[in-house]
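Worksheet: one structure, shown below.
The structure presented is a predicted model; accordingly, all values stated were derived computationally and were not measured. Throughout, a chain's letter reflects where its sequence line sits, starting with A, and its residues are numbered from 1.
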2 protein chains.
Amino acid sequence: MKQIDAKLAGTAPALAGVTAELQTVAAGATVFRQGDRSRGIFLLLAGSVRLQRVTPDGTAVTLHQVRAGETFAEASLFSDRYHCDAVAVTQSRVGRYPKAALATALRGDPESLWRFSADLAHSLQRLRSRYELKQIRSAPQRVLQFLRLRCDADGRYAAPGALMDLAAELGMSHEALYRALATLERDGSLSRANGALHLRAGGR
Amino acid sequence: MKQIDAKLAGTAPALAGVTAELQTVAAGATVFRQGDRSRGIFLLLAGSVRLQRVTPDGTAVTLHQVRAGETFAEASLFSDRYHCDAVAVTQSRVGRYPKAALATALRGDPESLWRFSADLAHSLQRLRSRYELKQIRSAPQRVLQFLRLRCDADGRYAAPGALMDLAAELGMSHEALYRALATLERDGSLSRANGALHLRAGGR
DNA sequence: CGTCACATTGATGCCTCTCAAAGCTTGTGG
DNA sequence: CCACAAGCTTTGAGAGGCATCAATGTGACG
């Protein structure tokens, strides 16, 4: 985590030629509030931000848990006000792409807008497949499908970080992940060599 | 289902001035295949389509289950070929927005492209909150949060179709949904009147 | 009045979460 | 070079909850 943080903390790539304004947000502080005039879209560089909406009965409902590296509030670009709260769960570093500048840049440069749309479409695609994975109840099956999607042509998958993080990404407890891996290995669907996972054909 | 089908079957709204080519796809037939040159994006009018990818070991992994009313393969607009298979699960009616025409229309008319992006951003937003809902294990809590998001200011929610469909949307068995509703009603979090659901403040 | 689809409730089993504890690896400092 | 700490990995035991199978009730429609 420290490495990623360090790497990202200084980096805020320009979007359609617009550079981000960096800011640090304390744990518990809000980045923006529901009803605020939208000031742009955000990139989470480090930390953790939760998007939530307060319902008529006063309860907060989480709409999205933003992970480092993701952008959020893209829709605010097309609307006048934010439709939810963004609250920093831990101290966070975010980059803000000012709305006016970004909107101008995008509307004035179809090529940039085209790429921006492409990014949105890809995000949608990725999220849809992640969503579908979550439909799978069985932990071993879910892990297996995940690996099938992520592995290279040889069926190899090198976990980018700790397996615990993988468990979080898959939406299961780390114990469940370890057990799932053990099960798959017992089945013969999978083998492991110094941290890397190796799918074997024939594992159902 | 028949009503929705009937309503949608004839309707294929123009997208950026481009009209859709309608086609009927038999159950089990493919709309497009991984590797095919992309011919446009699709709108599912009726029926059910599954997007799937065949993995190196020959297994099919479902990327997305398309529901009537949704568009799919948006990303193909930005890439040369389809990256997955689209297979009709049941006999389906789809509208295709031809790629060349759509790309031309969008690139030539920034305003259309802007609206197209807005649609993508909204889809992303909606999907994210749906994804977050699925993180909630407890059936009653999941239903409750869903209703909090979907109800009007009075806390009322009129199910658009049968409760069974709602269960499918929430990713749970219909029995679980009925039991969840019964539990919430027993708690006093909820009351029901001829099909409509009514949230009551104070239900945790 | 029979059929069909939805709604509801019961019983059972499996699976994941949670709490717990122990092995393992890595890095740090003495 | 060793000792210790911290975090990851692994396995165990128990409990709760949802899926599944099953049966019955209910309403619309012909």
Problem set entry | Residue pairs fulfilling side chain to side chain donor-acceptor pair (under 3.5 Å) with at least one residue in residues 149-165 of chain A, sequence neighbours excluded | A:R150-A:E169
Problem set entry | Length of the line joining B:M164:CE and C:dC4:C1', which is rounded to integer Å | 13 Å
Problem set entry | Separation of C:dT16 P from B:Q135 CD (nearest whole Å) | 16 Å
Problem set entry | Pairing residues for B:A27 by the side chain to side chain contact (heavy atoms under 4.5 Å, CB included) criterion, not counting sequence neighbours | none
Seminar exercise, completed: When rounded to whole Å, the CG to P distance for the pair B:L163 and C:dA5 reads 17 Å
Problem set entry | Results of ring-ring contact (aromatic ring centres under 6.0 Å, His included) for A:F42 - residues two or more places apart only | A:F32, A:F72
Problem set entry | Residues that B:L149 engages under side chain to side chain contact (heavy atoms under 4.5 Å, CB included), provided they are two or more places apart | A:R53, A:V61, A:L63
Problem set entry | salt bridge (Lys or Arg N to Asp or Glu O under 4.0 Å) partners of A:R37, counting only residues at least two apart | A:D80
Problem set entry | Option passing side-chain contact (heavy atoms from CB on, under 4.5 Å) with A:L184 (candidates A:L190, A:L197, A:L199) | A:L190
For this session: In whole angstrom, give the distance that lies between atom CG of B:L181 and atom C1' of C:dC6.
Result: 14 Å
Exercise. Hey, what bend do you get for the helix from C:dC1-D:dG30 to C:dG30-D:dC1 if you fit axes on five pairs at each end, rounded to 10°?
Worked result: 30°
Problem set entry | side chain to side chain contact (heavy atoms under 4.5 Å, CB included) involving B:D109 - partner list, sequence neighbours excluded | B:E111, B:S112
For this session: Rounded to the nearest angstrom, tell me the gap between atom NZ in A:K134 and atom P in C:dT16.
Result: 14 Å
For this session: Using only heavy-atom distances, determine whether the side chains of A:H64 and A:E70 contain a donor-acceptor pair under 3.5 Å.
Result: yes
For this session: Using a cut-off of strictly less than 4.0 Å, decide whether B:R192 has a side-chain nitrogen or oxygen near OP1 or OP2 of C:dT8.
Result: yes
Problem set entry | With B:A139 via side chain to side chain contact (heavy atoms under 4.5 Å, CB included) - residues at least two apart | B:M172, B:A180
Show me, pair by pair, the donor-acceptor contacts under 3.5 angstrom made by side chains of residues 16-25 of chain A, not counting sequence neighbours?
residue, atom, partner, partner atom, Å
A:E21, OE1, A:R96, NH2, 2.9
A:T24, OG1, A:R93, NH1, 2.5

Seminar exercise, completed: Between CG of A:D165 and C1' of D:dT9 the distance, given in whole Å, is 13 Å
For this session: Take the protein atom OH of A:Y178 and the nucleotide atom P of D:dG12, then report the distance between them rounded to whole Å.
Result: 16 Å
Exercise. Which parts of nucleotides 13-30 of chain D does protein reach within less than 4.0 Å, heavy atoms only, written one letter per nucleotide 5' to 3' as B for base, S for sugar-phosphate only and - for none?
Worked result: B----SSBBB--------
For this session: Name all residues meeting the side chain to side chain donor-acceptor pair (under 3.5 Å) criterion together with B:E74; count only those two or more places apart in sequence or in a different chain, and write none if there are none.
Result: A:R128, B:T71
Detail all sub-3.5 Å separations between protein N/O atoms and N/O atoms belonging to nucleotides 24-26 of chain C.
none

